[in-house]
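Below, each value reflects all heavy atoms present in this structure, side chains not excepted, and no hydrogens, waters or symmetry copies. In what follows, chains carry the letters A, B, and so on, assigned in the order in which the sequence lines appear, proteins first and then strands, with residues in each chain numbered from 1.
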Number of protein chains: 2
Amino acid sequence: MRVTIKDVAKKSGFSITSVSLVLNNKETKIPESSRQLILSTAEELGYRPNRLAVGLLKKKTKLLGLVIPDNSNMFFSELSKSVEIAARKRGYSLIYGNTSDVYSRDYEYLKLFVDHQVDGIVITKSSHLPEKEDIRNLEFLQKNNVPFVVVDRQPKGFHSDMVTVNNTTGGYMATKYLIECGHRKIGCFTGPLGLTTSQQRLDGYKKALEEFNIRYDENLVVEGNFSSGFEDKAMSVFLNKKVTAVFCQNDIMAFGIYRAANKSGIKIPSQLSVIGYDNINLCDIVYPGLTTIHQPIDQIGEESVRILTKLIENSNQKIEAEVKELEPKLVIRNSIISIVEGE
Amino acid sequence: MRVTIKDVAKKSGFSITSVSLVLNNKETKIPESSRQLILSTAEELGYRPNRLAVGLLKKKTKLLGLVIPDNSNMFFSELSKSVEIAARKRGYSLIYGNTSDVYSRDYEYLKLFVDHQVDGIVITKSSHLPEKEDIRNLEFLQKNNVPFVVVDRQPKGFHSDMVTVNNTTGGYMATKYLIECGHRKIGCFTGPLGLTTSQQRLDGYKKALEEFNIRYDENLVVEGNFSSGFEDKAMSVFLNKKVTAVFCQNDIMAFGIYRAANKSGIKIPSQLSVIGYDNINLCDIVYPGLTTIHQPIDQIGEESVRILTKLIENSNQKIEAEVKELEPKLVIRNSIISIVEGE
DNA sequence: ATAGATTCTGTAAGCGTTTTCTCGGTTTTT
DNA sequence: AAAAACCGAGAAAACGCTTACAGAATCTAT
């Protein structure tokens, strides 16, 4: 059986109270000699407090729940990592729910986390979560008094603490850069259009076109899924429409375009310029290096946990919901070619 | 405040006992009418049992701990996902510890998990964990009576339940395939040589060479880190030695070779053949598609959790440690060229 | 009618902690 | 020498739940 505080008490000859007091460094008038004895027998027995018991009593578990759509998508696996790092820095650990983008699991995991009495939750919803369920989920958390922070994908019709990267700006920066490189016919390979993320990046794309007086042509927009599988279809559309550059709404889809291009004997960047989104580790490793929009993943994790722990530690007072919007950044590598002005 | 069983009891007019009995579907002679009333008020109040309380009492938390070295390495992020899927299938959730390959955190997380009274632990140790600490860690778990399964990287000097993929076979298959394609001067780009994983893959490489009477030349072996950073150094060695093919001990390093090759104007596969290891999603997406050794990640997760839950459910009886060795598989894509026999 | 069997429901202990309160024993003060 | 002050340490309640056990109420059989 595991060593309990009772064992330490018995062995050291003190009461449970005294042991607890000493072990928790409470200010108390227990003489140094007793103190040392207790400390050393606890050490000797390898005593570690049972967190369930402590949690039950104190109503704090130092556990955070993390819900993400897909840990095999590098953006999210890097995000998990950054959340984990930020959490451990503050003494919290993570229970982790990967929904595999099956949206009913969002709710399942939230319930589970609540049952485990997590102190707070970081959530990025599934791609196809219906608005109604989204609201139901978050209301469930509110009703149960569990602080939470929504990350990356914004809920519709619900205002809460949130950390995002400005996707409109990101889409705008990517497109503008392509235009400045002389491109006029620019394809857009989007994520699921039900997500604010995709929609906003598309908005940025449109905004940049408009600014440079380029007509927006919806036939140059192909919807993808932030993963692979649609690149061939997209490629055939782009070739057909003779685009000279493509804005891919994430890096994985950009790699898909790399492959499709190679298959069709199209050279990147000389015949087709490509820009991605996310700046995952691999961008540096592929050839040609992928020019992309950097998302500050470490900051996202850090900010989410910062806000969440703030919420937890001030759970008595109602604070105005904090929305942290981070800025994306253009990272230039070698997947884009500048074409001569006027031709 | 959260709804407790007491609230349900009060509201429905029954005792706590009756409510618990009904809610847990215990066989009992509570009449259907009372039963229904209890069920409906529980539902109405949105009652969910507090897992801390249940765990404290039953000494079962339905929580599994997962320790992995680096979630930003795709092999491990896919592994986390597969472990998670296997766990949820059996009603367990995951507390998740990413050590970022800082080996002191292996122990930290194990302690934490024990404190949280997890029912069992799945562990893949950090790359540079000294043997002594490795043993200390696993003995700690034994002493605390926490079942565990070691995955992928084997501990030295400790026998326990384990799931691995046969790395020797994998290295052998990769090398043999290159030889059969006519290659004779084959470079080997390894992982950290302190890991059994790397060592065994190297053994397989040697074994294949030997089988075909090719002299093993240690100058063709370059140690990497399973990540990026050493590819340029490796490439210069390989070019210098005029190898025609490279066996990379994981896919990420193979992608590194892709890049280094491109930088030096070397074409893959026509001028240099490359084989990887792991078969992560990206292999299909890069160009040319990477021929590689497939590791059955889903099976690894499934087997680990299967063994672990078996251990948990039979924790009374001592069972012989189960070592499950899975088989790797060659996946042929387009990164290897066959060279004419004799020239 | 009364004992015995059968249904139903409640009491209470216990899981491992923390923390408030109380109390016995010293020492100090007058 | 008696009262006051102080020090050190333990008893007990509480957190939310499960479950063995006891008990009340109803019904059956003699």
Once side chain to side chain donor-acceptor pair (under 3.5 Å) is applied, do any residues pair with B:S126, and if so which ones, sequence neighbours excluded?
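Side chain to side chain donor-acceptor pair (under 3.5 Å) check on B:S126 returns B:T99, B:D106.
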
Give a yes/no answer on whether the side chain of [X] brings an N or O atom under 4.0 Å of OP1 or OP2 in [N].
X     : N      : value
A:T4  : C:dG16 : no
A:K26 : C:dT19 : yes
A:T17 : D:dG10 : no
B:K59 : C:dG16 : yes
A:S18 : D:dA9  : no
A:K6  : C:dT17 : no

Minimum-distance nucleotide to [X] side chain [options: [options]]:
X     : options               : answer
A:L56 : D:dC15, D:dT18, C:dT9 : D:dC15
B:F14 : C:dC15, D:dA14, C:dT9 : C:dT9
B:L57 : C:dT9, D:dC15, D:dT18 : D:dT18

For A:K310, is there an ion pair with A:E303 - N to carboxylate O distance below 4.0 angstrom?
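No salt bridge links A:E303 with A:K310.
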
Can you check the [X] [atom1] to [N] [atom2] distance for me, whole Å?
X      : N      : atom1 : atom2 : answer
B:N25  : D:dC17 : CG    : C1'   : 17 Å
A:K10  : C:dG16 : NZ    : P     : 11 Å
A:L21  : C:dT17 : CG    : P     : 15 Å
A:Q117 : D:dG16 : CD    : C1'   : 9 Å
B:K58  : C:dG14 : NZ    : C1'   : 15 Å
B:I16  : D:dT18 : CD1   : C1'   : 11 Å
B:D7   : D:dC17 : CG    : C1'   : 13 Å
A:N24  : C:dT20 : CG    : C1'   : 15 Å

Close approaches to DNA chain C from residues 32-55 of chain A, in residue order (heavy atom, under 4.0 Å)
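The stretch gives A:Y47, A:R48, A:P49, A:N50, A:A53, A:V54 as the residues lying under 4.0 Å from the strand, ordered by number.
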
Using 0.5 Å steps for rounding, measure from the NZ atom of B:K62 to the CG atom of A:D115.
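Here the interatomic distance stands at 14.0 Å.
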
So, B:K11 versus B:T41: side-chain donor-acceptor pair below 3.5 Å or not?
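No, no side-chain donor-acceptor pair sits under 3.5 Å.
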
For the residue pair B:T61 / B:D119, report whether a side-chain donor-acceptor contact shorter than 3.5 Å exists.
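The criterion, which ignores hydrogens and geometry beyond distance, is satisfied for B:T61 and B:D119.
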
Enclosure of B:K111 NZ (heavy-atom neighbours >12, cutoff 6.0 Å)
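Yes, NZ of B:K111 has more than 12 neighbouring heavy atoms, counting only those of other groups under 6.0 Å.
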
Taking atom CD as the centre, does A:E32 end up with more than 12 heavy-atom neighbours from other residues, nucleotides or ligands that are less than 6.0 angstrom away?
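Yes.
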
Which is more 5' along DNA chain C, the nucleotide nearest A:R2 or the one nearest B:S15? Just name the residue.
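Final value for this comparison: B:S15.
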
Measure the shortest side-chain to side-chain distance between A:F140 and A:V114 over non-hydrogen atoms and say whether it is less than 4.5 angstrom.
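A side-chain contact exists here, since the closest heavy-atom pair is under 4.5 Å.
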
